[in-house]
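Every chain is numbered from 1, with letters handed out A, B, ... down the list of sequences.
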2 protein chains.
Amino acid sequence: MCERFSVSRFTIRNAMAELEAAGLVERRKAIGTIVKALEPETAYVQTFQTVEGLLQYAAGTALDISEMIELQAGAELAGWFDLEEGARIVRLGGLRSETETGRKFCWTEIYIRPEFSGLLEHVGLDDRPVHKTLEEVFDEKVQKVELELSACMLSGKRAEQLEIEEGTAALRVVRQYSATDGRVLEVSVSDHPEDRHTFRLEFSYETLVS
Amino acid sequence: MCERFSVSRFTIRNAMAELEAAGLVERRKAIGTIVKALEPETAYVQTFQTVEGLLQYAAGTALDISEMIELQAGAELAGWFDLEEGARIVRLGGLRSETETGRKFCWTEIYIRPEFSGLLEHVGLDDRPVHKTLEEVFDEKVQKVELELSACMLSGKRAEQLEIEEGTAALRVVRQYSATDGRVLEVSVSDHPEDRHTFRLEFSYETLVS
DNA sequence: TAGTGGTCTAGACCACTTC
DNA sequence: AAGTGGTCTAGACCACTAA
């Protein structure tokens with residue numbers, strides 16, 4: 001190619017590096033350069049800088065934790081954490097409301113992996129998210145967050161706490177926070193009464209690099 | 001730096017290129033190299049290869065369009081498309097169900113920008129998504145998809161069509177498809193009765209490049 | 001006018017694969 | 001042994017900025 005285009009190897013290699021970055025070719029030592037694609041690959045990408053972005057709440061809300069109990073994990077809960085059924089898990093519960101207006105936003109329940117039960121002493125002292133405190137106190141890092149959104153009905157106690165009518169529809173958001181090794185650190189379940197919260201996502205079509 | 005580390009400029013420049021790719025420094029012609037950050041920036045990223053990924057339905061479902069009407073846009077609808085109130089907009093309506101079991105999955109309404117009303121002749125001939133047909137027939141490209149998820153109640157007609165009880169909670173997913181120039185091409189509203197669909201998202205913590 | 005980052009040439013050695 | 005991609009040296013010219 002140097003001869004063919006009358007340029008130095010440096011120039012050819014730079015050009016090839018560009019093609020490689022665009023994912024069009026693959027270069028392998030002592031093997032050669034293989035064409036992988038004729039067009040750059042594209043995809044719809046959504047990015048959040050922090051886990052707080054996934055929380056989606058405006059900065060002006062706060063979670064007021066009013067319940068702290070230890071319970072025996074049922075099948076579903078044990079499954080989430082990949083633990084034996086009957087394992088003792090701590091659950092926090094509380095109301096998230098707008099700090100200014102006091103408007104009740106959602107009811108949140110947070111399940112914490114047994115190893116981190118000690119977290120309770122640190123929770124509620126500041127108004128940072130629980131997973132943030134967990135990351136800090138136990139030197140863990142949230143590597144993955146899985147969200148599940150579904151609809152549900154709000155019944156007796158929950159409806160009362162949120163000051164809504166019995167049988168109101170609600171958006172349920174389940175968040176599962178996992179560490180690098182795959183251990184589920186925390187699971188939160190938030191019920192947002194109809195009209196009090198809309199979950200927004202935006203995806204853009206982009207060319208993928210490297 | 002060449003002197004300091006006893007290497008050639010090539011080596012220094014390669015190293016600097018790495019730092020630039022990691023976003024740690026910024027290099028500007030005739031100005032110099034400026035340190036921008038001490039740690040690589042990271043973010044939670046979610047990727048879909050196709051718009052169908054955003055649809056989230058298993059392959060085994062099909063949309064059966066049973067309604068086609070032209071209506072005058074109200075305030076909200078006109079706002080979505082950035083049109084005058086009263087503009088005539090076409091709306092398709094139909095039931096999405098599992099092809100095998102016939103299980104009714106959701107009720108979907110699709111609003112189409114006036115310019116693309118001609119699309120009606122092409123819709124329903126195959127079972128591809130409407131936005132896909134639109135892209136092809138009018139040579140448009142969906143550049144951005146915005147999703148809004150909320151909870152709502154299903155009433156009379158809708159409940160009947162989905163064969164559920166009056167007053168069942170549902171997950172409403174509003175999708176707004178935009179072209180490169182920002183024009184909203186299509187808006188779809190899907191109501192999924194409680195327990196018939198859960199919307200799943202997964203975000204991973206990654207280092208951002210370039 | 002000195003210094004910067006960008007671009008490029010010509011040539012060298014290495015580890016590795018394949019014939 | 002020939003050929004590949006990776007790494008590196010030494011040196012050159014350019015357009016541009018800032019003192």
| request: Return the nearest nucleotide to the side chain of B:Val7; candidates are D:dG6, D:dT9, C:dC8. | output: D:dT9
| B:Arg28 vs D:dT17: side-chain N/O to OP1/OP2 distance below 4.0 Å | no
| Is the shortest distance from a Lys or Arg side-chain nitrogen in B:Arg183 or B:Glu140 to a carboxylate oxygen in the other one below 4.0 Å? | yes
| query | Ignoring hydrogens and geometry, is there a side-chain-to-backbone donor-acceptor pair from A:Arg200 to B:Glu146 under 3.5 Å? | reply | no
| task | Give a yes-or-no answer on whether the side chains of A:Ser190 and A:Thr108 include a donor-acceptor pair shorter than 3.5 Å. | result | yes
| message | Across nucleotides 12-19 of chain C, 5' to 3', mark each nucleotide with B, S or - according to how protein heavy atoms within less than 4.0 Å reach it. | response | B---BSS-
| note | When rounded to whole Å, the CZ to C1' distance for the pair B:Phe5 and D:dT7 reads 18 Å
| message | Is B:Thr33 close enough to C:dG5 that one of its side-chain N or O atoms is under 4.0 Å from OP1 or OP2 there? | response | yes
| So, is A:Thr11 close to the C:dT9 phosphate, meaning a side-chain N or O under 4.0 Å from OP1 or OP2? | yes
| For the pair made of CE in A:Met16 and P in D:dT7, what is the distance, rounded to whole Å? | 16 Å
| task | Check the distance between D:dG6's C1' and A:Phe10's CZ and give it to me in whole angstrom. | result | 14 Å
| request: Kindly say if B:Arg13 contacts the phosphate of C:dG6, meaning a side-chain N or O under 4.0 Å from OP1 or OP2. | output: yes
| Quick one: B:Asn14 CG to D:dT9 P, roughly how many Å, whole number? | 10 Å
| Do the rings of B:His197 and B:Phe105 sit parallel, tilted or perpendicular, given the 30° and 60° boundaries? | tilted
| Partners passing ring-ring contact (aromatic ring centres under 6.0 Å, His included) against A:Tyr111 (at least two apart in sequence or in another chain) | none
| said: Does B:Lys144 qualify as a cation-pi partner of A:Tyr205, given the criterion of NZ or CZ under 6.0 Å from the six-membered ring centre and within 45 degrees of its axis? | reply: no
| Interatomic distance where CD1 belongs to A:Ile12 and C1' belongs to D:dG6 [whole Å] | 16 Å
